[in-house]
Amino acid sequence: MNAYPGQSDSFLTMQGVKAITASGKTRIYEEIKQGRFPRPVKLGRKSVWPESEVRAWIEARKAERSAA
């Protein structure tokens, strides 16, 4: 299910994930290991992330900030 109705889901490379989250590779993989960031999808040898999952993670961080 797409988190953004009317939009098709695309994949982000690590470079794209770093760009929209303002996080580094090490931090992203630490968050994945701790279960706090979406796991990547393996496409051959590449790891990619569904853009909708990364954007949903960003929105959840905003909601946490607002609730605090």
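In this chain, numbering begins with 1 at the start of the sequence shown.
- Taking the centre of each ring, W57 and F37 come in below the 6.0 Å mark.
- Rounded to the nearest 0.5 Å, atoms NZ (K42) and CZ (R45) are 9.0 Å apart.
- Using a 4.0 Å cut-off between charged side-chain N and carboxylate O, E59 and R55 make no salt bridge.
- The line from CG of L12 to OG1 of T21 is 9.5 Å long, rounded to the nearest 0.5 Å.
- Of the inter-residue distances, the one linking I28 atom CD1 with S47 atom OG reads 11.5 Å to the nearest 0.5 angstrom.
- Remark: R61 CZ to R65 CZ distance equals 11.5 Å, nearest 0.5 Å.
- The number of heavy-atom neighbours closer than 6.0 Å to CD of Q15, taken from other residues, nucleotides and ligands shown, is 12 or below.
- Salt-bridge annotation for R27 and E30: absent, with no side-chain N of the basic residue lying under 4.0 Å from a carboxylate O of the acidic one.
- Every residue two or more places apart in sequence or in another chain that forms a side-chain contact (heavy atoms from CB on, under 4.5 Å) with K25 is listed here: M14, K18, Y29.
- The side-chain heavy atoms of V48 and P40, taken from C-beta on, include no pair separated by under 4.5 Å.
- Distance CD1/I32 to CH2/W49: 5.0 Å, rounded to 0.5 Å.
- Without hydrogens or angle criteria, D9 side chain to P50 main chain gives no donor-acceptor distance under 3.5 Å.
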